[in-house]
2 protein chains.
Amino acid sequence: MENIQPFHSYKNPSLAVDLVVFGYKERTLSVLLLNRKEEPFKDCWTLPGAFLQMEERFRDTCSRVLSTKLGMNDVYLEQLYSFDEPDRDPRGRAIAVAYYALVNPSQVAVSAGHMANDVQWFDIKKLPELGFDHAIIFEQALKRLQAKILYFPVGFELLDDLFTMTELHDLYECILDLPLDRRNFRRKILDAEYIIATGKKREGLQNRHPELYKFNKKLKENSFQLNIS
Amino acid sequence: MENIQPFHSYKNPSLAVDLVVFGYKERTLSVLLLNRKEEPFKDCWTLPGAFLQMEERFRDTCSRVLSTKLGMNDVYLEQLYSFDEPDRDPRGRAIAVAYYALVNPSQVAVSAGHMANDVQWFDIKKLPELGFDHAIIFEQALKRLQAKILYFPVGFELLDDLFTMTELHDLYECILDLPLDRRNFRRKILDAEYIIATGKKREGLQNRHPELYKFNKKLKENSFQLNIS
DNA sequence: TCCATTAGTGTTAAATTGACGCAAAGATAG
DNA sequence: CTATCTTTGCGTCAATTTAACACTAATGGA
């Protein structure tokens, strides 16, 4: 290792991380949007994001945004795609590395902070117009989530630690935007050993008290493949 | 649109595009590597890549690299992942956006150019040690290709326009590194209408002259799902 | 006590898969 | 020109998986 010259001050594009934060509650899949206080896209809804600081990794930037806007650490994060359209930001060349996050909204309190007019959950079926290219980023995140849930136990991140089969089933129908046969769904999920019965029941205002399950962290490989038609 | 301030000269990480170029020939899947002429990793093998220029899109940078090193345009390109490990480049903070490419080696001539000592195809089973974090990038590209080929007609990019069933079958076995039953493979591929028989036969030094097929560009959705065991 | 509702279990025909066998077409060798 | 070898194409079948559906159990409320 000799003669290594550090990078000159080449002009590099700005590098931002944008986040598609999904939450699920009451049979509704939502995404967290932020109303901008400043130009460009002042008073428009956009995905939360931040510029990458020199020493930060992408996940650090994600955590910074999430803890500011959600008071939350320890969420499921996955890199989605990097967006490079030259005109995507009117301020100049900016690359966005998009991540999506899955959070349980009942365990977070969103707050606007000083950078935004407002922060709010929006039903993904009733989204407002989005600034920048964020509509495209969102669409891609949704597609990724829909594809991933068919073969990987993402989605438990959106539920409480204990959940009923019906709650899991509803979640899948909601994410996939499809009806799924209740009984075949149960069989697939159980055969895959995705979840573990706890023996506890959910008591309350229901009819028959349903079993409570928890996620099985020791997954067997390639155990699960949901087929949609 | 008012009061839009252009970005200040924030210090941004360098942004490079790295390429995993796959080629297939004679039952061997290969990847294109470049022997560096300069530090860091002088005389080491690395993936080809280049820094993103201010007006370029990722694909432009890919094309620039590919035309320099391969004299080739019009190749299949897919974004793989963005790598942000702070120490991945000893010269300073550098983000890499990795793409993988599929090319038909019989239609390209690799040449080292002035930046490299040498450019060469390497059998993916006999790779040399790689500089930077390129071994990780390569591994991820291979996994992506292996996963993708199970449900999408990638891979035709690696063959000639006309090919036999056996050639396609060999390609799949080679990429997946698995034996696949010849007859079941044929049935799946044909049922999915992935390919079209041309009526022509491959003449030559073979025994029975095999049918020549071409890729069916009008794919029906979700038609194909190869199962591996 | 009956009813409505949700939860849990089982049945069955149809489709798909995986593991094969075998015949046709061409090359080669005696 | 016949026998044999190899590759290609086509088909069979048992085992598994799937999709569609019916039934029973548990609970709260009328």
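Numbered from 1 within each chain, the chains take letters A, B, ... in sequence-line order. Please read these numbers as outputs of a predicted model, since none were measured by experiment.
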note: A/Glu203, atom CD; D/dG28, atom C1'; distance rounded to Å ~ 13 Å
A/Phe185 atom CZ is separated from C/dG8 atom P, nearest whole Å, by 13 Å
query: Any idea how A/Phe224 and A/Tyr194 line up, ring-wise: parallel (<30°), tilted (30 to 60°), or perpendicular (>60°)?
result: tilted
> Taking C-beta and beyond as the side chain, do B/Trp121 and B/Lys25 meet within less than 4.5 Å on heavy atoms?
Replying inline: no
Can a donor-acceptor pair be found, under 3.5 Å and without considering hydrogens, that links the side chain of A/Gln120 to the backbone of A/Leu33?
no
Atom CZ of A/Arg202 and atom C1' of D/dG28 are separated, to the nearest Å, by 17 Å
| Is the base of C/dG18 touched by the side chain of B/Arg187 through a donor-acceptor pair closer than 3.5 angstrom? | yes
From NZ of B/Lys201 across to C1' of D/dT7 the rounded distance in Å is 13 Å
Rounded to whole Å, the CG-C1' distance (B/Leu168 to D/dG9) equals 15 Å
Yes or no on side-chain contact (heavy atoms from CB on, under 4.5 Å) for B/Asp84 and A/Arg59, after CA distance, side-chain angles and deciding distance?
CA-CA 9 Å; B/Asp84 67 339; A/Arg59 286 179 179 275; 5.9 Å; no
query = When you check the phosphate oxygens OP1 and OP2 of C/dA24, does a side-chain N or O of B/His209 lie under 4.0 Å from one of them?
reply = no
**Prompt:** Is there a donor and acceptor pair closer than 3.5 Å between the side chain of B/Arg183 and the base of C/dG21?
**Reply:** yes
Using a cut-off of 4.0 Å on non-hydrogen atoms, how would the nucleic acid contact of A/Thr164 be classed: base, sugar-phosphate, or nothing? nothing
Side-chain N or O of B/Arg186 closer than 4.0 Å to phosphate OP1/OP2 of D/dG9 | yes
In whole angstroms, the gap separating P of C/dT9 from CG of A/Asp191 amounts to 12 Å
Taken to the nearest whole Å, CD/A/Gln225 to C1'/D/dT17 is 13 Å
Answer yes or no: side-chain N or O of A/Arg208 and base N or O of C/dT6 forming a donor-acceptor pair under 3.5 Å. no
field: A/Lys188 side-chain N/O to D/dT18 phosphate OP1/OP2 under 4.0 Å
entry: yes
Winner on side-chain proximity to B/Asn207, out of D/dT7, D/dG9, C/dG8, is D/dT7
Heavy-atom nearest nucleotide on DNA chain C taken for B/Gln206 and for A/Leu190; more 5' hit belongs to A/Leu190
Heavy-atom nearest nucleotide on DNA chain C taken for A/Asp181 and for B/Asn184; more 5' hit belongs to A/Asp181
Separation of C/dG8 atom C1' from A/Glu211 atom CD, nearest Å, is 10 Å
Please state whether the rings of A/Phe156 and A/Phe163 are parallel, tilted or perpendicular, taking 30° and 60° as the class boundaries. tilted
